[in-house]
Every structure is written in structure tokens, then in C-alpha cells.
Amino acid sequence: MKCIKNLSQLVTLAPALKKDGRNLVPNDLDIITDGAIVFNEQEILWVGKTTDLPVQYHNIDTISKPGHVLTPELVDAHTHLVFAGDRSHEYTMRLNGADYQTIANNGGGILNTMQATLMASEDELFALAKSRIETIQLYGIGSLEIKSGYALTYDGELKLTRVINRLKQHFAPKIQIHNTFMAAHAVPVTFKSSSEYMDQVVFKLLANKEVLGCIDSVDIFYEQGYFTTDDTYNLFKHCQNLNIPVRIHADEFNDNQGAIIACEFKALSADHLLCTGLDGVSKLAQSNTVAVLLPGTAYFLGKPLANAKAFLSSGCKVALASDFNPGSCHCDNLILIASIAAKNMGFNIAELWAAITLNAACALNLKQQGALVPGLKPRFSIFQTNSIDQVTYNWGKNFAVTL
Ligand SMILES: [Zn+2]
């Protein structure tokens with residue numbers, strides 16, 4: 001049993017948990033000043049003011065942390081962080097006026113990452129991703145989703161799923177990794193159609209016992225020019241039969257009803273949602289599917305950000321994630337993403353913190369965390385500052401520390 005006491009602020013998000021992460025007002029943060037928390041390995045036992053600490057906890061293993069803020073654990077619910085290669089040159093080409101096609105003609109784009117990822121060994125990919133996660137850990141992130149999808153061949157995607165599984169074992173229990181199978185990320189030019197690729201790569205992998213034994217969910221890039229409505233329905237029906245949760249890249253380029261399909265299949269999350277119409281927003285609001293917004297990507301590409309206000313005000317569960325990937329958002333810092341989102345997208349402070357803790361955890365099916373209340377898992381992040389206001393106010397600065 002352990003106690004952390006004298007915290008400048010302990011942010012419980014207990015009211016936000018009660019409201020299922022929806023329709024939050026600033027007070028739903030629930031800030032306890034001079035806070036204390038008691039927990040064992042499995043669960044939180046007590047939360048309150050240090051001065052109210054029950055006598056039975058006075059002589060247990062205790063750490064005093066004045067000048068620190070404790071929050072529910074930060075969760076990054078959308079990353080593509082297993083890849084090889086370097087696309088920084090492409091970024092410079094883009095700054096200098098090159099368009100997508102010119103970059104692709106010069107060997108850039110997703111094909112560049114695909115070739116480098118296919119060439120890299122399992123050990124090399126593991127080492128690259130491990131070092132990225134070691135950096136991410138420094139931001140206070142304790143749970144992390146990782147998608148496969150940069151190899152786009154049967155053997156290559158099997159390799160990526162194995163790498164994510166190795167990372168999951170390596171970082172547990174300190175970092176919980178959610179292994180998302182996303183071989184349906186793009187269609188290589190060697191295939192005649194997306195359905196041919198689905199049959200020859202995606203469904204074959206989903207018949208492989210090793211893959212089925214280590215994945216936590218399945219994702220698809222449901223966008224014009226990538227995968228069709230039929231591909232998405234076929235995949236989701238297949239996953240439903242196998243009892244595997246699904247999630248979807250939806251409505252990024254146009255409103256193709258991705259959010260609505262997500263709700264139909266009780267997806268864990270629908271992600272991007274830059275162009276979702278009001279019908280999609282209202283379906284999401286009535287569902288348990290988390291709307292995962294990825295402002296880093298729109299920001300990096302110079303596109304308008306998602307209409308977060310529409311999702312928040314209609315009662316959706318909204319999360320923010322990094323979308324860390326080599327092409328459209330090479331940013332691994334979730335708190336920086338939250339700082340960008342805050343005023344630009346209209347999050348109040350409770351909506352903002354629920355989006356990177358409680359609701360992000362929900363998108364990863366982590367039901368036993370996301371708020372600091374007795375009975376939930378003792379998963380939290382700690383920041384060296386006197387006030388939670390400082391954490392996203394100082395955008396780009398990292399206050400996270402380890403105990
Ligand atoms: Zn993505």
C-alpha cells in the first residue's frame with residue numbers, strides 16, 4: 001500500500017466519470033488542493049485532502065509531493081509509431097512548394113515509409129519504436145495505442161503485429177499498449193483493387209492464429225481512393241463474428257458516413273472526423289463510440305481543425321490523440337496537441353483533460369481507469385507544477401515527472 005500526499009492539486013475527474021465523459025463543465029475536473037491518494041497495486045483505496053487522511057493510512061509507505069499535480073493517466077489513443085525511414089526531406093519539399101504528386105513522383109509519401117518498413121528487420125523496427133515510446137513516456141503517457149499498417153504485405157504486416165506485441169510485453173505494466181491491426185491502411189499499386197488486397201492480405205492475416213492472439217482491435221482507412229464502403233462493411237462484419245472490437249479512420253477527406261458506420265458496429269472509436277455531418281455527430285452522441293479528434297494532423301497539413309464544438313455540445317465522448325506518424329503528423333507530444341486544441345477547438349478545461357485521460361482510455365477499452373476514485377486502477381500522471389492550468393498554458397513545455 002502506498003500514499004502520495006501534500007500534492008498541490010489532485011485532479012480526480014470523478015464528476016466527469018459519473019457523466020460518462022459527456023457534456024462536461026469546468027467543475028467536472030474536481031480539483032482537490034493539498035490532495036492525497038492511497039492505493040495498492042490493483043486499485044485506488046482513498047482520495048481526499050492530506051489533512052483528512054484516515055488514521056489507518058498514517059504509517060504506510062508515503063511520498064510527499066508539494067509543488068506537484070496528479071491527474072488520471074494520460075492516454076494517447078491513436079498512433080502509427082512502428083515504421084522505418086525518414087520523411088523530413090518531404091516536409092521541406094512541401095514547404096518549398098511541392099505538391100503531393102511531385103513528392104510521390106520523387107519516391108516520397110507512404111510508399112517511402114512502406115519500402116523502408118519492409119526492408120527493416122523485426123529487431124530494427126522494435127528498436128526504433130522502443131526508443132520513440134521511451135520519449136513518449138517522458139510526457140507522462142501511460143497508455144498508448146499503436147497501429148500496424150506501413151508494410152502492406154502479408155509477411156510485412158505480420159512482422160508489424162509481432163513488433164507491437166513485443167513492445168506491449170516489453171513495456172508492461174508501466175505502459176499499457178493497445179495493439180491495433182491496420183493492414184487496411186492503403187492499397188499497394190500491385191493490387192488491382194482494394195477488395196483484392198483485402199482478400200489476399202487483410203482477411204488472410206485475420207485467419208492467422210498468431211495475429212488473432214495478440215491484436216486488441218482492427219482499424220481501416222475508410223476514405224475515398226483507399227477502402228470502400230463494401231470493404232469496410234465486410235471487414236467489420238468479419239470482426240463482429242470473431243468478437244474483435246473495431247475502430248475507423250473516418251470522414252477525414254469528405255463526409256463518407258464513416259462515423260455512422262462506426263456506430264452501427266459499436267466501434268471503440270471513430271477517428272479524424274474533419275468532415276463529419278450533423279447526422280454523424282448525432283449518431284456518435286447516442287453511442288458509446290468515442291470521437292477521437294487529431295488536431296495535430298490538420299494543423300501540420302494546414303487544414304481547418306475538426307468542428308469539436310459540434311461533438312462536445314451534442315454530448316459525444318470526445319478524445320484527443322496525437323496521430324503520431326511519419327507523413328502527416330510527426331508529433332509525439334500529446335500535451336502539446338491538447339494545447340493546440342484547447343482554445344482553437346473550443347474545449348473547456350474539463351473537456352480538455354477528459355479528452356486525454358478518461359475518454360481516451362475509453363477509446364482503448366480501458367474501463368477501469370480515467371478518474372482518480374476508489375475502486376479504479378491506480379493509473380495516474382504527475383506534473384511538477386502548482387496548478388493544472390500551467391500544463392497546457394505553457395504549450396510545448398513538459399512538466400511530467402515520474403515518481
Ligand atoms: Zn491514423
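All values below come from the heavy atoms of this structure, side chains included, with hydrogens, waters and symmetry mates left out. Whatever order the structure lists them in is the order used to number ligands and atoms, beginning at 1. Everything numeric here is computed off the predicted structure, so don't read it as measured data.
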- Candidate pair Ile60 and Tyr57, rule side-chain contact (heavy atoms from CB on, under 4.5 Å), full reasoning: CA-CA 6 Å; Ile60 62 172; Tyr57 301 132; 4.1 Å; yes
- Message: Walk me through whether Lys130 and Asp123 qualify under salt bridge (Lys or Arg N to Asp or Glu O under 4.0 Å).
- Response: CA-CA 10 Å; Lys130 177 171 162 281; Asp123 286 346; over 6 Å; no
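Defined by atom type and a distance below 3.5 Å, a donor-acceptor pair is present between the side-chain atoms of Ser217 and Thr180.
Here His80 meets the criterion, with an N, O or S atom under 2.8 Å of the Zn ion (ligand 1).
Annotation for Lys397: atom NZ does not count as buried by contact number, only 12 or fewer foreign heavy atoms lying within 6.0 Å.
For the Zn ion (ligand 1), the nearest N, O or S atom contributed by His249 is named NE2. When the N, O or S atoms of Asp323 are ranked by distance to the Zn ion (ligand 1), OD1 comes first. The closest approach of His78 to the Zn ion (ligand 1), by N/O/S atoms, is made by NE2.
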